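The structure appears right after this line, and notes come after that.
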Amino acid sequence: MIIAIDGPAASGKGTLARRLATHFELHHLDTGLTYRAVAAALLANGLPLGDEQVAIDVARNLDLAKMDKSVLSAHEIGEAASRIAVLGGLREELVNLQKRFASTPPGAVLDGRDIGTVVCPDADVKLFVTASAEARARRRTDEMASKGQEAVFASVLDDLKRRDERDSTRSVAPMKIADDAHLLDTTEMDIETAFQSAVDIVANARKN
Ligand code: C5P
């Protein structure tokens with residue numbers, strides 16, 4: 001059983017993926033963390049973000065069990081991750097790792113930008129989770145404020161729009177809705193409503 005979840009930054013796909021994995025007793029991989037982990041290692045070692053071979057070497061040594069979400073969620077790491085995510089050879093390396101994860105029984109929920117289109121094109125269920133840029137920026141601003149981090153709505157909104165633009169216009173594996181994905185627009189939903197809708201979609205797909 002594989003559930004593929006894609007969507008733009010701060011759409012809530014990560015929370016939904018984690019909760020769906022618990023609910024359906026599957027493994028969970030936030031594939032954004034794999035790009036973030038490579039970016040973080042490059043930044044920490046003062047290595048260039050544009051050197052594909054260096055990024056591939058870092059990706060080959062990546063240990064999924066050692067990825068620390070609280071460290072990797074830093075804003076500058078997300079920016080750097082989105083910049084290295086345009087490198088085709090790096091993507092190939094990370095996609096192979098993600099495919100291996102997905103094929104481990106009993107199955108998994110993976111979330112990212114290209115799961116339904118590239119990593120798991122044969123997934124049992126595909127969801128594309130989205131929300132208006134303003135709603136996503138509001139949630140991200142509130143989340144940062146609740147952690148005591150400084151957050152200005154207008155600049156969070158600008159950053160999200162810039163990242164969406166880069167992620168959806170790059171030539172390799174751009175973020176897009178798979179033809180057979182279910183669209184879940186959470187602009188007007190709270191997390192409980194979004195989760196229930198997602199559970200219903202997966203349960204229905206499993207019946208068919
Ligand atoms: O989802 P998250 O914000 O952690 O992802 C960081 C960046 O990694 C994204 O902006 C995107 O450029 C890249 N990414 C990707 N493909 C994925 C997951 C993330 O290109 N499957």
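Note that ligands are numbered from 1 as they come in the structure, with each ligand's atoms numbered from 1 the same way. We count residues from 1, following the sequence as given. Worth saying up front: this structure is predicted, and the values here are computed from it rather than measured. Every heavy atom of this structure was used, including side-chain atoms; hydrogens, water molecules and symmetry mates were not.
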* **Sub-4.0 Å heavy-atom approach of K13 to ligand 1** => yes
* Does ligand 1 have an atom under 4.0 Å from some heavy atom of Q98? -> no
* Atom CZ of R18 and atom CG of D111: how far apart are they, to the nearest 0.5 Å? -> 9.0 Å
Among all protein heavy atoms, pick out the one at the shortest distance from [atom]; state its residue, atom name and that distance to 0.1 Å.
atom	value
atom 18 (C) of ligand 1	T31 OG1, 3.5 Å
atom 4 (O) of ligand 1	R36 NE, 2.6 Å
atom 12 (O) of ligand 1	D167 OD1, 2.6 Å
atom 20 (O) of ligand 1	R91 NH1, 2.8 Å
atom 17 (C) of ligand 1	R113 N, 3.4 Å
atom 8 (O) of ligand 1	Y35 CB, 3.6 Å

* To do: Ignoring hydrogens, just give me the one of T117, L110, D114 whose non-hydrogen atom is nearest atom 21 (N) of ligand 1.
  => D114
Proximity of [X] to ligand 1 by residue part, where a heavy atom lies under 4.0 Å:
X	value
M175	neither
R163	side chain
A85	side chain
R83	neither

